Amino acid sequence: AGCEGYTQLLRAAGAEAELAPVGDAFELVHREEVEAGRDPLSPASLFRRLYAPDDLHPSRLGSYLAACVFFAALTGAHVEDSAAASRFRPSEAEHDRKMR
């Protein structure tokens with residue numbers, strides 16, 4: 001139930017409520033790491049890099065992924081389709097450096 005339950009309660013009360021599936025996005029990254037034969041808990045894995053050193057909170061990269069999901073949920077568009085997206089596309093190396 002979790003988030004879906006809250007969404008249903010809000011809708012039942014007459015509120016407009018949408019769910020931004022951030023957890024599903026994190027789960028997708030985890031699944032893709034496993035399917036690629038990589039250990040998702042390895043410090044070098046993309047999945048592990050979604051989390052801060054405390055292993056509870058999102059890193060900058062995880063926060064960026066969450067923001068992309070919220071953007072899509074709120075606008076119905078993909079971040080890549082946004083006119084502002086080009087301002088947020090550093091080179092892969094620079095992106096990795098900034099997100100650690």
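All values derive from a computational prediction rather than experimental measurement. What's counted below: heavy atoms across the whole structure, side chains too, no hydrogens, waters or symmetry copies.
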- Message: Using 0.5 Å steps for rounding, measure from the OG atom of Ser59 to the CG atom of Leu65.
- Response: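 It comes to 9.0 Å.
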- Item | Selection residues 30-44 - residue pairs positive for side chain to side chain donor-acceptor pair (under 3.5 Å), sequence neighbours left out |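 Residue pairs passing side chain to side chain donor-acceptor pair (under 3.5 Å), neighbours aside: Glu33-Arg38.
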side-chain contact (heavy atoms from CB on, under 4.5 Å) involving [X] - partner list, sequence neighbours excluded:
X     : value
Leu9  : none
Pro21 : Asp24, Val69
Ser63 : Pro58
Asp54 : Ala52, Leu56, His57

Do [X] and [Y] share a hydrophobic cluster, counting only Ile, Leu, Val, Met, Phe, Trp and Tyr and linking them when any side-chain heavy atoms are less than 4.5 Å apart?
X     : Y     : answer
Phe26 : Val34 : no
Leu28 : Tyr64 : no
Phe70 : Leu61 : yes

- Would you mind listing every salt bridge (charged side-chain N to carboxylate O under 4.0 Å, His left out) that reaches into residues 5-16, with sequence neighbours excluded?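 Qualifying pairs: Arg11-Glu18.
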- Nearest non-hydrogen partners of Ser45 and Pro40, listed with the distance: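 Residues Ser45 and Pro40, closest heavy atoms: OG-O, 2.6 Å.
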